[in-house]
Amino acid sequence: MKNLVLCGFMGSGKTTVGKLAAKRLGLKFVDMDDYIERSQGMRISEIFEKSGEEAFRAMEREACRTLAGESGLIIATGGGALTFPGNVQVLSETGLIVFLDVTPETVLKRLRHDTARPLLAENREERVRSLLARRRPLYQAAAFAAVNANGSAMETAEEIIRIYRSAFPI
Ligand code: S3P
């Protein structure tokens with residue numbers, strides 16, 4: 001069974017939506033950041049602090065390779081993971097990539113109390129707007145389909161389920 005890979009910016013709802021869709025589709029949910037935190041025994045913020053972003057990206061590459069080797073998963077990727085063509089290549093071999101598209105306003109609203117994202121620690125509004133503008137075309141290029149993810153998690157999950165089912169009818 002093919003994997004379903006969710007990509008999109010921080011705050012696009014990859015984890016929340018992925019869990020909902022996994023339950024309905026009978027697939028196993030894996031959050032890539034959780035997977036990295038567990039395998040490293042450190043929070044993402046600690047990894048950035050102690051080892052730097054480059055080291056984190058190497059761990060992320062490794063996580064992409066490992067998870068692509070499994071089947072029947074819904075994988076919520078980290079917001080940067082699918083901005084790297086090598087990761088897109090690896091994950092698309094065994095999975096259908098769906099992009100959760102959100103506006104900067106949605107991100108800013110959802111993450112207003114967040115302290116876990118090292119890339120948004122400073123100049124948050126400026127960072128969200130510029131990083132999202134830079135990454136959006138990359139997510140679009142990586143994905144088989146895009147969904148508007150500004151609404152409720154349930155609405156977005158329904159849309160993703162529909163895409164998965166029409167790509168893989170039983
Ligand atoms: C990142 C997004 C985060 C996490 C790390 C870097 C990014 O994941 O992987 O902080 O580069 O956008 P979420 O998208 O789950 O917040």
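Both ligands and their constituent atoms are indexed starting at 1 by order of listing.
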Margin query: Salt bridge or not between Arg57 and Glu54? Use side-chain N to carboxylate O under 4.0 Å.
Written below: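 Between Glu54 and Arg57 there is no salt bridge, as every charged N stays at least 4.0 Å from the carboxylate O atoms.
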
Notebook entry, point to check: Should Glu125 and Arg129 count as an ion pair when the cut-off is N to O under 4.0 Å?
Noted result: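 Counted as a salt bridge, because a side-chain N and a carboxylate O are separated by less than 4.0 Å.
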
Checklist line | ligand 1 contact on Met32 by region, counting heavy-atom pairs under 4.0 Å | finding: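 None of Met32 does.
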
Next item on the list: Using a 4.0 Å heavy-atom threshold (strictly under), name the region of Leu119 that reaches ligand 1: side chain, backbone, both or neither.
Entry: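 Within the 4.0 Å criterion, Leu119 contacts ligand 1 through side-chain atoms alone.
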
Can you sort out which atoms of ligand 1 are near [X], meaning under 4.0 Å from one of its heavy atoms?
X      : value
Phe56  : 9 (O)
Pro118 : 10 (O)
Ile44  : 5 (C), 10 (O)

Next item on the list: Nearest heavy atom to atom 14 (O) of ligand 1 wins, so pick from Glu53, Lys14, Glu37.
Entry: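 Heavy atom nearest to atom 14 (O) of ligand 1 belongs to Lys14.
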
Check: Which of the listed options, Arg117, Glu60, Arg57, Arg43, holds the heavy atom that is closest to atom 6 (C) of ligand 1?
Finding: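 Closest candidate by heavy-atom distance is Arg57.
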
What's the shortest distance from [atom] to any protein heavy atom, and which residue and atom give it?
atom                    : answer
atom 12 (O) of ligand 1 : Arg135 NH1, 2.7 Å
atom 2 (C) of ligand 1  : Gly79 N, 3.3 Å
atom 9 (O) of ligand 1  : Asp33 OD1, 2.8 Å
atom 7 (C) of ligand 1  : Gly80 N, 3.3 Å

Next item on the list: Kindly say whether Asp34 contributes a backbone atom to a donor-acceptor pair with the side chain of Asp31 at under 3.5 angstrom?
Entry: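 Yes; judged by distance alone, with no hydrogens or angles, the pair exists.
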
Note to self: Just checking Arg65: does its CZ atom have more than 12 heavy atoms from other residues, nucleotides or ligands closer to it than 6.0 angstrom?
What the structure shows: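 Atom CZ in Arg65 is crowded, with more than 12 foreign heavy atoms closer than 6.0 Å.
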
Note to self: Once you measure the plane-to-plane angle for Phe48 and Phe56, does it fall in the parallel (<30°), tilted (30-60°) or perpendicular (>60°) bin?
What the structure shows: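 Rings of Phe48 and Phe56: tilted, 30 to 60°.
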
Taking C-beta and beyond as the side chain, do [X] and [Y] meet within less than 4.5 Å on heavy atoms?
X      : Y      : value
Lys2   : Phe168 : yes
Arg117 : Ile44  : no
Phe99  : Arg136 : yes

